[in-house]
Amino acid sequence: MIGETAMRAGNDERWMRMALDVARSKGSDPSTSPLGCVIVLDGKVIAAERNQTQELPDATAHAEMMAIRRACESTGEMELRGATLYSTLQPCGMCTMASIWAKVGRVVYGAGRDDVHRMYFEARHVDTLGFIADAYRDDIEIEGGCLAGECAALYYPPDADLPQDEQANL
């Protein structure tokens, strides 16, 4: 009999693979931040989105923000209690706060801050995960590292030598 932890990990990998596919739908150029997000509620996908900041143009059109918008539209509710948000990259501060306000029950991400180039995060480190854990909600679970290697392959590695003008957030 498969244990609950093993079954949960298998489901996490399944949904993260979908998030990877969503991210890849934007292409494979790491300079475009090909980030994917899937939101699952009761075993069903209620939203699947990618970064759309350049296309819209909208600085808030991160994959997680777009997925939260679509999930709320899909359910007709502003709260996503019990839902799990899967993101190929550790959510930034804005997306973390959106997850809090939408009352997402669980956030699972692939690559973390240390797995990719610093251009993908705030220029000054903001420990949003610690913020959630220590200061805001005690009913949200956060788990990182799901398919971290596959997710990190979407982005520039931490030691990439990139010209300053090609770095998104710096």
Side-chain angles (χ1 to χ4, degrees), residues 2-26 28-41 43-51 62-68 71 80-100 102-160 162 167-169:
I2 297 176
E4 185 177 329
T5 302
M7 188 170 10
R8 188 180 211 185
N11 284 332
D12 287 349
E13 288 185 10
R14 171 185 174 201
W15 300 123
M16 188 61 74
R17 288 194 193 289
M18 181 179 280
L20 281 159
D21 289 342
V22 170
R24 289 182 188 117
S25 74
K26 186 172 183 169
S28 59
D29 184 350
S31 69
T32 65
S33 299
L35 202 139
C37 181
V38 171
I39 299 179
V40 176
L41 180 64
K44 295 179 187 152
V45 174
I46 58 173
E49 294 287 339
R50 61 178 174 76
N51 265 10
H62 290 196
E64 299 94 338
M65 298 291 287
M66 298 302 291
I68 289 170
L80 300 172
R81 292 186 188 275
T84 300
L85 181 149
Y86 294 90
S87 179
T88 55
L89 187 62
Q90 180 180 329
C92 71
M94 175 181 65
C95 296
T96 299
M97 288 306 297
S99 296
I100 290 170
K103 302 206 175 21
V104 168
R106 190 165 167 252
V107 174
V108 177
Y109 64 88
R113 178 182 288 273
D114 296 332
D115 299 322
V116 299
H117 195 274
R118 64 188 182 117
M119 72 176 264
Y120 299 108
F121 290 94
E122 299 87 355
R124 296 188 180 163
H125 177 69
V126 177
D127 183 7
T128 55
L129 301 181
F131 178 77
I132 293 172
D134 297 337
Y136 212 86
R137 284 181 50 198
D138 59 5
D139 65 337
I140 186 170
E141 291 179 54
I142 301 169
E143 297 177 33
C146 181
L147 302 178
E150 290 179 54
C151 290
L154 293 170
Y155 313 104
Y156 289 118
D159 58 352
L162 304 172
Q167 297 183 39
N169 288 332

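All residue numbers in this chain count up from 1 along the given sequence. Since the structure is predicted, the reported quantities are computational estimates derived from the model, not experimental observations.
- Remark: the backbone N or O of Met119 is paired with a side-chain donor or acceptor of His117 at under 3.5 angstrom.
- Side-chain contact check for Leu80 versus Ile46: some heavy-atom pair is nearer than 4.5 Å.
- Met18 contributes atom CE, which lies 12.0 Å from atom SG of Cys37 (distance to the nearest 0.5 angstrom).
- To the nearest 0.5 Å, atoms NE2 (His62) and OG (Ser33) are separated by 8.0 Å.
- Within the model, atoms CZ of Arg81 and CG of Leu41 stand 12.5 Å from one another, a figure rounded to the nearest 0.5 Å.
- Smallest separation of non-hydrogen atoms from Ser87 and Leu89: OG-O, 2.8 Å.
- Between Glu64 and Leu35 there is a side-chain heavy-atom pair separated by less than 4.5 Å.
- The side chain to side chain contact (heavy atoms under 4.5 Å, CB included) check on Pro158 picks up nothing, with sequence neighbours excluded.
- Between Arg50 and Lys26, the shortest heavy-atom distance links the atoms CD-CB, 3.7 Å.
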Please tabulate, for side-chain N and O atoms in residues 141-155, each donor-acceptor pair with protein atoms closer than 3.5 Å (sequence neighbours left out).
residue	atom	partner	partner atom	Å
Glu141	OE1	Arg8	NH1	3.3
Glu141	OE1	Arg8	NH2	3.2
Glu141	OE2	Arg8	NH2	3.3
Glu143	OE1	Arg106	NH2	3.2
Glu143	OE2	Arg106	NE	3.2
Glu143	OE2	Arg106	NH2	3.3
Glu150	OE1	Arg17	NH1	2.9
Glu150	OE2	Arg17	NH1	3.1
Tyr155	OH	Pro34	O	3.3
Tyr155	OH	Thr88	OG1	2.6

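- Smallest separation of non-hydrogen atoms from Asp12 and Tyr86: OD1-OH, 2.7 Å.
- Residues satisfying the side chain to side chain contact (heavy atoms under 4.5 Å, CB included) test with Asp29, not counting sequence neighbours, are Ser31, Thr32, Tyr156.
- Atom CE of Met97 sits about 10.5 Å away from atom CE of Met65, to the nearest 0.5 Å.
- Here the closest non-hydrogen pair linking Ala67 and Ala47 is O-CB, 3.2 Å.
- Across every non-hydrogen atom of Val22 and Gly36, the tightest pair is CG1-CA, 4.2 Å.
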